[in-house]
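What follows is a short report on a single structure.
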Amino acid sequence: MCRNIRPLANFEPAVTAEEIEAAALQYVRKISGSTRPSRVNAEVFDRAVAEVAAASTRLLESLVTAAPARDREVEAAKARQRAAARYGTA
């Protein structure tokens with residue numbers, strides 16, 4: 001799976017429509033093997049992105065968890081620490 005698709009569930013503040021759309025676009029790009037479809041395939045590509053975004057929205061709205069919501073800033077800081085350890089950056 002695409003590395004830059006991030007988990008979107010159980011965050012405070014809640015996920016935005018733009019974040020869901022971006023994840024859907026990355027997913028469709030990955031499985032289609034194309035970052036920019038030809039004019040012939042543009043409509044199908046855009047429809048696939050919309051359908052994946054809609055399914056993702058339904059999924060995220062339906063999930064139930066007992067875990068406390070994660071903080072975006074804390075998770076971003078953890079990711080930066082992991083990247084620094086992995087790539088040896090300061």
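Computed from a prediction, not measured in an experiment: that's the story for all the values here.
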**Prompt:** Any idea which heavy atoms bring A24 and A53 closest together, and the distance?
**Reply:** CB-N, 3.6 Å
**Asked** Would a 4.5 Å heavy-atom cut-off, applied to side chains only, mark F11 and L60 as touching?
**Response** no
**For the student: nearest non-hydrogen atoms of A9 and R70, plus distance** = O-NH2, 2.5 Å
**Under 3.5 Å: donor-acceptor pair, side chain of N10, backbone of P68** = yes
**Prompt:** Is there side-chain contact between V15 and I20, with at least one heavy-atom pair below 4.5 Å?
**Reply:** yes
**Request:** With the side chain counted from C-beta on, respond yes when P13 and R72 share a heavy-atom pair under 4.5 Å apart, and no when they do not.
**Result:** yes
**Message:** Donor-acceptor pair, distance only, cut-off 3.5 Å: does the side chain of R86 make one with the backbone of Q81?
**Reply:** no
**Prompt:** Does the side-chain contact (heavy atoms from CB on, under 4.5 Å) test come out yes or no for E12 and D71, once each step is laid out?
**Reply:** CA-CA 6 Å; E12 190 61 45; D71 184 278; over 6 Å; no
**Prompt:** Does the salt bridge (Lys or Arg N to Asp or Glu O under 4.0 Å) test come out yes or no for K78 and E75, once each step is laid out?
**Reply:** CA-CA 5 Å; K78 288 180 188 177; E75 296 299 319; 3.5 Å; yes
**Asked** Measuring from N41:CG to S32:OG, what's the distance to the nearest 0.5 Å?
**Response** 9.0 Å
**Prompt:** Is it true that a side-chain atom of Q26 and a backbone atom of A23 form a donor plus acceptor pair closer than 3.5 Å?
**Reply:** no
**Message:** Per the salt bridge (Lys or Arg N to Asp or Glu O under 4.0 Å) rule, what does the pair list look like for residues 38-48, sequence neighbours excluded?
**Reply:** E43-R47
**Transitive ILVMFWY side-chain link V49 to V44, under 4.5 Å** = no
**Message:** Would a single hydrophobic cluster contain both F45 and V52, if residues Ile, Leu, Val, Met, Phe, Trp and Tyr are joined by side-chain heavy-atom contacts under 4.5 Å?
**Reply:** yes
**Prompt:** NZ/K30 to OG1/T35 distance, rounded to the nearest 0.5 angstrom?
**Reply:** 12.0 Å
